[in-house]
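For reference, the structure is listed below as structure tokens.
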2 protein chains.
Amino acid sequence: MSTSSSSPSRGSGRGQRVTIADIARRAGVTSAAVSLAVNGRPGVSEATRTRIMEIARELDWEPSPAARALAGAPVLTVGMVLARPAEVLGNEAFFGAFVAGLQEVLSAQDYSLQMKIVDSPEAEIDTYRRWFAQRRVDGVVVVDLRVDDPRIPALEELGQPALVVGGPGNHGSLPSVYVDDAHATQLLVDHLAERGHRRIARVAGTSAFLHTAQRDHAFLGRCAELGLHGELQDAGFGAEDAAVATAQLLSGQHPPTAIVFDSDEMALAGSQVLAESGVAIPGDIAVASYEDSPLARTHRPAITAIGRSAVEYGGVTATRLLEVVSAARRHRGGPVEEAESEVRALEPELRVRDSTDPSQQPGPDEVR
Amino acid sequence: MSTSSSSPSRGSGRGQRVTIADIARRAGVTSAAVSLAVNGRPGVSEATRTRIMEIARELDWEPSPAARALAGAPVLTVGMVLARPAEVLGNEAFFGAFVAGLQEVLSAQDYSLQMKIVDSPEAEIDTYRRWFAQRRVDGVVVVDLRVDDPRIPALEELGQPALVVGGPGNHGSLPSVYVDDAHATQLLVDHLAERGHRRIARVAGTSAFLHTAQRDHAFLGRCAELGLHGELQDAGFGAEDAAVATAQLLSGQHPPTAIVFDSDEMALAGSQVLAESGVAIPGDIAVASYEDSPLARTHRPAITAIGRSAVEYGGVTATRLLEVVSAARRHRGGPVEEAESEVRALEPELRVRDSTDPSQQPGPDEVR
DNA sequence: CTGAAAGCGCTTACAG
DNA sequence: CTGAAAGCGCTTACAG
């Protein structure tokens with residue numbers, strides 16, 4: 001089969017990319033038919049579709065995302081922008097796993113993820129505006145939801161597919177997925193109460209984040225319900241702030257007998273301070289974390305933590321975002337579907353370890 | 001100024017996007033002139049260029065990446081694919097900071113970063129192939145360099161802009177950036193030798209990685225030069241493997257008096273094992289890490305570590321990749337420039353702390 | 001179910 | 001320095 005049959009390539013043919021025109025020529029159909037065939041759309045018979053697909057594979061054809069996008073098709077990319085100090089990303093066990101979960105689902109649907117790090121909410125909003133104006137993305141996922149988040153009204157006004165990670169509530173008319181922080185809080189408090197603790201402190205991360213506020217609220221609420229003394233101690237995010245907060249708790253009039261930290265990093269830093277001060281864990285003070293990680297497991301005592309399966313959380317998020325994107329595509333311009341606009345991604349789970357319960361033996365699931 | 005002057009929009013004008021044609025009409029020039037003007041290319045007078053730019057801003061014009069790409073311009077995106085278990089990303093302080101450093105430089109040049117997580121080197125190579133075939137990216141950055149890395153020949157064959165992070169050496173004909181692991185190793189060993197240690201162990205990560213092999217080699221070499229007893233203990237990456245390796249070292253005939261770990265996570269896990277076994281740090285055994293992090297600082301004793309400024313490393317990488325991309329664009333098809341094809345990104349720096357030297361007082365730089 | 005055409009929004013030679 | 005045109009590789013109505 002000689003490939004050089006017709007039309008000597010006009011112009012300076014560099015690269016000589018395979019296009020649907022090449023496939024059409026070989027198959028003896030028009031390029032429109034090829035388009036329908038490879039996109040699995042009705043309009044061609046099953047027989048020709050099969051033939052076209054075979055030729056496409058034979059020719060090693062790869063669709064041109066640029067051409068597709070220019071012609072109005074989805075660009076098969078979703079975006080996520082992060083407005084946090086760069087270094088923080090590396091210090092959180094949660095984030096990498098969440099991204100991995102996102103990627104897994106997106107890749108399976110041939111979608112890619114575009115990420116950008118900026119240094120302010122304004123820059124973040126501006127990025128959304130430009131991404132959509134340029135048609136760089138089909139939708140975005142919004143993380144680090146804040147209590148009074150300026151991104152929500154901005155995205156509502158843009159009217160483009162966006163999925164909010166966080167809640168419940170506070171996501172305006174945008175669809176969202178969330179993990180129930182109130183429930184996680186209850187699991188922790190109840191567990192500690194069962195172990196006989198009456199004075200519990202919570203070392204909390206940045207209060208601007210919605211989930212921090214929700215944890216605070218649930219914490220104080222649950223403590224009140226159970227007749228416990230609940231104490232809040234603000235800290236930024238990060239090891240050093242947590243260490244300072246822990247030291248402060250120790251120096252108080254009536255130090256707590258249990259401390260709950262907002263992340264694994266904070267719990268580890270706090271535990272160091274306790275150990276250094278000669279405080280036994282959990283003998284004198286019990287320790288627990290809202291975030292699990294390998295270090296939380298290998299630490300001695302191993303740290304009781306909430307497991308959230310960040311990978312799964314990411315997966316649910318991606319799945320939902322893709323739904324939102326295709327729904328928006330279906331009825332363009334129409335309002336985003338209201339039904340089920342808020343989805344609980346997964347259930348938090350309490351992993352009890354030595355730091356709150358010395359009787360715990362590392363089970364087989366801890367060994368890997 | 002009425003906007004409705006000419007040509008009633010043909011077709012079903014939805015969205016009514018602003019294009020260079022609109023700008024051209026307003027400016028009384030051709031759209032080609034607009035293209036030249038907004039791309040800062042010669043061919044239009046300074047006066048018209050200024051006028052065009054003003055109109056573009058007035059009209060809120062955003063270039064269409066799809067149209068640009070289709071017409072042959074760069075797509076302003078670089079890619080990075082990761083073939084590691086998803087969860088690992090979250091557990092390493094290095095990675096997030098590295099990505100942040102990349103982003104910072106890329107964003108400033110209006111480039112974006114596309115990331116993908118896959119589960120094998122084959123899938124990674126396949127991703128490169130498709131990315132370039134589809135013209136999704138202008139170039140890629142290759143991380144986690146392995147000793148005998150199949151990606152190198154694959155990328156050489158593709159002949160597309162790619163920058164290898166790692167080395168020195170082992171990057172074939174591709175350009176690379178690296179941090180001198182041999183030097184870092186020497187800093188660590190020399191420091192421990194100065195403190196009087198004669199039996200030093202190194203708990204090493206996955207030996208498939210080139211930098212692990214280079215550290216191994218440098219470690220044994222430097223120990224030999226100084227007449228020390230150097231011992232290698234293999235471990236995967238991650239807390240649990242490091243804990244096991246540390247326990248093994250302790251149970252040996254002649255336990256070392258100092259242990260160097262390949263990452264902060266490993267050093268923390270190993271330190272736990274030591275503490276649990278009643279081994280004093282640094283009294284009985286000194287501990288050091290190839291990777292610094294907030295937890296390494298807040299740990300007690302604070303852990304001596306190599307500082308690499310992952311953010312800066314990422315920045316240098318991005319800068320170099322952009323150079324490679326534009327060089328490739330300049331002389332298309334021609335060979336990639338050979339000169340300076342291997343760049344040392346930055347100098348490792350030893351941060352001495354209590355875990356090797358109890359006399360260290362936390363300096364003002366440790367407080368933040 | 002299939003064919004021929006217009007159009008997406010740019011860039012790039014190529015004449016003037 | 002400027003104008004008119006072709007072309008990048010698809011998709012999408014619109015006729016047959």
Distance below 4.0 Å between A:R41 side-chain N/O and D:dT12 OP1 or OP2: yes
Residue-phosphate contact under 4.0 Å: B:S35 side-chain N/O, C:dT11 OP1/OP2: yes
Expressed as a whole number of angstroms, how long is the span from [X]:[atom1] to [N]:[atom2]?
X: B:E46; N: D:dT2; atom1: CD; atom2: C1'; result: 15 Å
X: B:L36; N: D:dT2; atom1: CG; atom2: C1'; result: 9 Å
X: B:R68; N: D:dC10; atom1: CZ; atom2: C1'; result: 20 Å
X: A:I23; N: C:dG3; atom1: CD1; atom2: P; result: 16 Å
X: A:R17; N: D:dG7; atom1: CZ; atom2: P; result: 18 Å
X: B:L70; N: D:dA6; atom1: CG; atom2: P; result: 17 Å
X: A:R136; N: C:dC8; atom1: CZ; atom2: P; result: 21 Å
X: B:N39; N: C:dT11; atom1: CG; atom2: C1'; result: 8 Å

Any ion pair linking [Y] and [X] (charged N to carboxylate O, less than 4.0 Å)?
X: B:R57; Y: B:E54; answer: no
X: A:D110; Y: B:R130; answer: yes
X: A:E323; Y: A:R320; answer: yes

For D:dA4, the Watson-Crick or wobble partner whose two distances fall under 3.5 Å: none
Considering all heavy atoms, the nearest A:T30-A:A24 contact: C-CB, 3.7 Å
Counting side-chain heavy atoms from CB outward, which of [options] is closest to [X]?
X: A:S64; options: D:dT2, D:dG9, C:dC10; value: D:dG9
X: B:T19; options: D:dC10, C:dG9, D:dG3; value: C:dG9
X: A:T48; options: C:dT2, C:dG9, C:dG7; value: C:dT2
X: A:V29; options: C:dC10, C:dG3, D:dG9; value: C:dG3

Over all strands shown, is [X] touching base, sugar-phosphate only, or nothing at heavy-atom distances under 4.0 angstrom?
X: A:E62; value: sugar-phosphate
X: A:T30; value: base
X: A:V34; value: nothing

Nearest-nucleotide 5' precedence on DNA chain C, B:A67 against B:A32: B:A67
Exercise: do A:E156 and A:S173 side chains pair donor with acceptor under 3.5 Å: yes
